[in-house]
Amino acid sequence: MAKNNGKFTFFLILCILVVAVILIMGVSENNKISKASSFGISNNNNANKQACASSELSKTNNNANKSSKQENSIELLCLMYHNVVADNQKQGSYEIRVSALEKDFVELKKMGYQCVDRKNLLSITDKKRYGKYVMITFDDGFYGVYKYLPKLLEKYDMSCIVSVVGEFMDIADKQNYKSRCSYMNTKEVKELAKNQRIEIAHHSYNMHHFDKDRQGVKIKQNENAEEYESKLMDDTKNLNNKLRGIGISAKTYCYPFGAYCKESERLFKELNYQMTMTCNEKINYIKDRNSLYLIGRINRSANYENISNMLLKTCNKK
């Protein structure tokens with residue numbers, strides 16, 4: 001009986017030990033699983049953090065690339081004015097008061113624009129001098145430009161391009177009076193051209209007309225190309241001869257009403273014009289000298305409160 005009790009006791013202890021070993025192994029395995037699980041979550045968190053960091057870095061790089069593209073460009077804002085009138089006179093889409101023009105010059109400088117003329121722009125383009133530039137242009141050759149502009153250009157260290165029409169100069173040559181809508185005569189254009197801040201450009205001799213027959217110097221529908229180019233060549237030569245007679249050699253052509261065609265562009269390039277200008281309202285980004293043809297210009301209407309307001313509405317540019 002004692003022997004049986006001893007065997008039973010031994011068997012009981014053995015069972016208890018087996019159960020204990022099984023329990024210990026189970027707990028150990030659970031701990032491993034728990035640790036592995038915790039480690040996996042930690043790795044996922046790290047992976048998420050790394051992914052977020054990579055995403056932010058990507059965004060930063062993209063922003064940097066955008067900034068780099070903006071910095072590594074020649075941005076040209078070309079403004080198109082027409083007449084300048086006294087502060088007590090009416091202004092509108094094609095006339096601006098002297099005080100408003102002066103405010104424009106001040107605002108452009110505050111916006112970081114550097115004023116350039118054609119010669120400056122050629123050098124800037126060739127040397128890839130990236131930055132923000134503005135070009136001031138006046139179309140038609142109004143007398144108000146002759147009367148008010150030179151002093152403002154000197155005061156604010158600016159320059160400009162004034163495009164003249166031969167026909168309008170001829171009309172002014174025969175007049176003995178000046179009104180707010182008068183044009184410069186030949187003598188006044190000659191005097192204005194002596195100003196180093198002012199370049200005289202072509203605006204046609206007698207093709208500054210817009211009707212169903214022809215729009216400015218643009219080829220007419222179904223017009224013979226050779227006849228058209230001959231007509232445009234004659235008109236251009238006439239203005240060239242008139243201007244050369246007063247010591248002016250023009251290298252810029254401003255299209256009347258902004259109307260142009262592939263035939264006109266080919267002709268002006270053959271005649272070695274270095275720049276042509278349209279009325280396409282946009283900001284120009286200059287890459288090389290070929291970018292200086294068909295320059296877009298924004299009409300500075302007095303209907304806009306200021307330059308910033310104008311750019312926001314015409315080019316969606318703040």
Side-chain angles (χ1 to χ4, degrees), residues 80-83 94 117-119 137-146 149 160-178 181-195 198-279 292-295 297:
M80 177 174 60
Y81 296 84
H82 289 79
N83 198 9
Y94 302 103
D117 58 18
R118 175 184 52 83
K119 291 181 180 179
T137 70
F138 286 85
D139 280 6
D140 302 341
F142 283 99
Y143 176 74
V145 172
Y146 170 83
L149 189 60
C160 75
I161 294 175
V162 178
S163 60
V164 297
V165 180
E167 181 182 15
F168 297 170
M169 293 168 64
D170 291 343
I171 293 171
D173 285 339
K174 299 174 184 178
Q175 294 178 336
N176 297 319
Y177 65 92
K178 294 293 182 184
C181 296
S182 293
Y183 297 102
M184 289 183 285
N185 59 34
T186 303
K187 182 180 178 180
E188 289 159 348
V189 171
K190 179 180 180 179
E191 185 177 344
L192 194 69
K194 293 178 180 178
N195 191 318
I198 298 173
E199 174 187 347
I200 302 298
H202 280 198
H203 207 38
S204 85
Y205 191 93
N206 62 3
M207 297 181 74
H208 196 283
H209 303 284
F210 193 95
D211 52 44
K212 60 183 179 181
D213 183 52
R214 187 185 301 280
Q215 299 175 2
V217 303
K218 186 177 180 180
I219 191 171
K220 294 186 292 185
Q221 188 175 7
N222 300 323
E223 183 175 15
N224 180 278
E226 290 184 4
E227 292 179 359
Y228 163 74
E229 289 185 16
S230 177
K231 180 178 179 61
L232 181 56
M233 177 70 81
D234 289 342
D235 183 86
T236 304
K237 283 183 177 179
N238 287 338
L239 185 53
N240 259 328
N241 292 337
K242 185 174 183 64
L243 293 180
R244 284 174 180 168
I246 54 176
I248 299 171
S249 179
K251 291 294 183 182
T252 299
Y253 198 99
C254 297
Y255 283 109
F257 314 107
Y260 60 89
C261 55
K262 63 181 181 181
E263 292 84 1
S264 64
E265 274 295 284
R266 181 171 61 248
L267 177 65
F268 292 132
K269 288 178 181 178
E270 289 176 357
L271 293 174
N272 295 319
Y273 282 83
Q274 296 176 330
M275 186 162 61
T276 59
M277 295 186 165
T278 72
C279 298
L292 302 185
Y293 294 100
L294 300 180
I295 291 289
R297 297 187 295 164

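All residue numbers in this chain count up from 1 along the given sequence.
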Tell me, do K251 and K119 make a side-chain contact under 4.5 Å, heavy atoms counted? no
Does any non-hydrogen side-chain atom of V217 lie less than 4.5 Å from one of P256? yes
Exactly one of Y293, Y255, Y260 should register a side-chain hydrogen bond (donor to acceptor under 3.5 Å, both in side chains) with E265. Which one does? Y255
Report the C-alpha distance between Y146 and E191 in whole Å, list the side-chain angles of each, state the deciding distance to 0.1 Å, and finish with yes or no for side chain to side chain donor-acceptor pair (under 3.5 Å). CA-CA 9 Å; Y146 170 83; E191 185 177 344; 2.8 Å; yes
Work out which heavy atom in Y183 is nearest to a heavy atom in A172; give both atom names and the distance. O-CB, 3.4 Å
Could you check whether any side-chain N or O of D235 sits under 3.5 Å from a backbone N or O of K231, counting only pairs where one atom can act as donor and the other as acceptor? no
Spell out, as yes or no, whether a donor-acceptor pair under 3.5 Å connects the side chain of R297 to the backbone of C279. no
Side chains of L149 and N195, heavy atoms from C-beta outward: is any pair under 4.5 Å? no
side-chain hydrogen bond (donor to acceptor under 3.5 Å, both in side chains) test vs Y205 passes for just one of T236, D170, N240, namely D170
I need the minimum non-hydrogen distance between I200 and A250, along with the two atoms involved. O-CB, 3.7 Å
Determine the minimum heavy-atom distance between M275 and L292, stating which atoms define it. CG-O, 3.1 Å
Can you measure from NZ (K190) to CE (M169) and round to the nearest 0.5 angstrom? 11.0 Å
Check for a donor-acceptor pair, side chain of N185 on one end and backbone N or O of K187 on the other, with a separation under 3.5 Å. yes
Working to the nearest 0.5 Å, report the span between CD of E167 and CE of M207. 11.5 Å
Kindly indicate whether the side chain of L267, heavy atoms from C-beta on, has any atom under 4.5 Å from the side chain of M233. yes
With a 6.0 Å cut-off (strictly less than), is the heavy-atom count around NZ of K178, excluding the residue itself, greater than 12? yes
Report yes if the side chains of Y228 and C261 come closer than 4.5 Å at any heavy-atom pair, otherwise no. yes
Atom NZ of residue position K269 - does it have more than 12 heavy atoms of other residues, nucleotides or ligands inside 6.0 Å? yes
Atom pair CZ (R244) and CG (L239), whose distance is rounded to the nearest 0.5 Å: 10.0 Å
Might you confirm whether atom CG of N176 has over 12 heavy atoms from other residues, nucleotides or ligands at distances under 6.0 Å? no
Return the CG to CG distance between L271 and L232, rounded to the nearest 0.5 Å. 8.5 Å
Walk me through it: do F257 and H209 pass the test ring-ring contact (aromatic ring centres under 6.0 Å, His included)? CA-CA 8 Å; F257 314 107; H209 303 284; 8.2 Å; no
Hey, could you give me the OH/CD distance between Y143 and Q175, rounded to the nearest 0.5 Å? 12.5 Å
Is there a donor-acceptor contact under 3.5 Å from the side chain of H203 to the main chain of C254? yes
Got a salt bridge between E223 and R214, using NZ or NE/NH1/NH2 to carboxylate O under 4.0 Å? yes
Verify, without hydrogens or angle tests, whether D173 (side chain) and T186 (backbone) share a donor-acceptor contact under 3.5 angstrom. yes
If you compare all heavy atoms of D211 against all heavy atoms of Q215, which two are closest, and at what distance to 0.1 Å? O-CG, 3.9 Å
Can H202 and F268 be said to form a ring-ring contact (aromatic ring centres under 6.0 Å, His included), step by step? CA-CA 11 Å; H202 280 198; F268 292 132; 8.2 Å; no
Is it true that, when you exclude K242 itself, more than 12 heavy atoms of the residues, nucleotides or ligands shown sit nearer than 6.0 Å to its NZ? yes
In the structure I gave you, are the side-chain heavy atoms of T137 and T252 within less than 4.5 Å of one another anywhere? no
Can R266 and E229 be counted as an ion pair, charged N to O under 4.0 angstrom? yes
Could you state the interatomic distance from OG (S182) to OH (Y177), rounded to the nearest 0.5 Å? 6.0 Å
Quick one: do Y253 and S204 satisfy side chain to side chain contact (heavy atoms under 4.5 Å, CB included)? Show the steps, please. CA-CA 8 Å; Y253 198 99; S204 85; 3.5 Å; yes
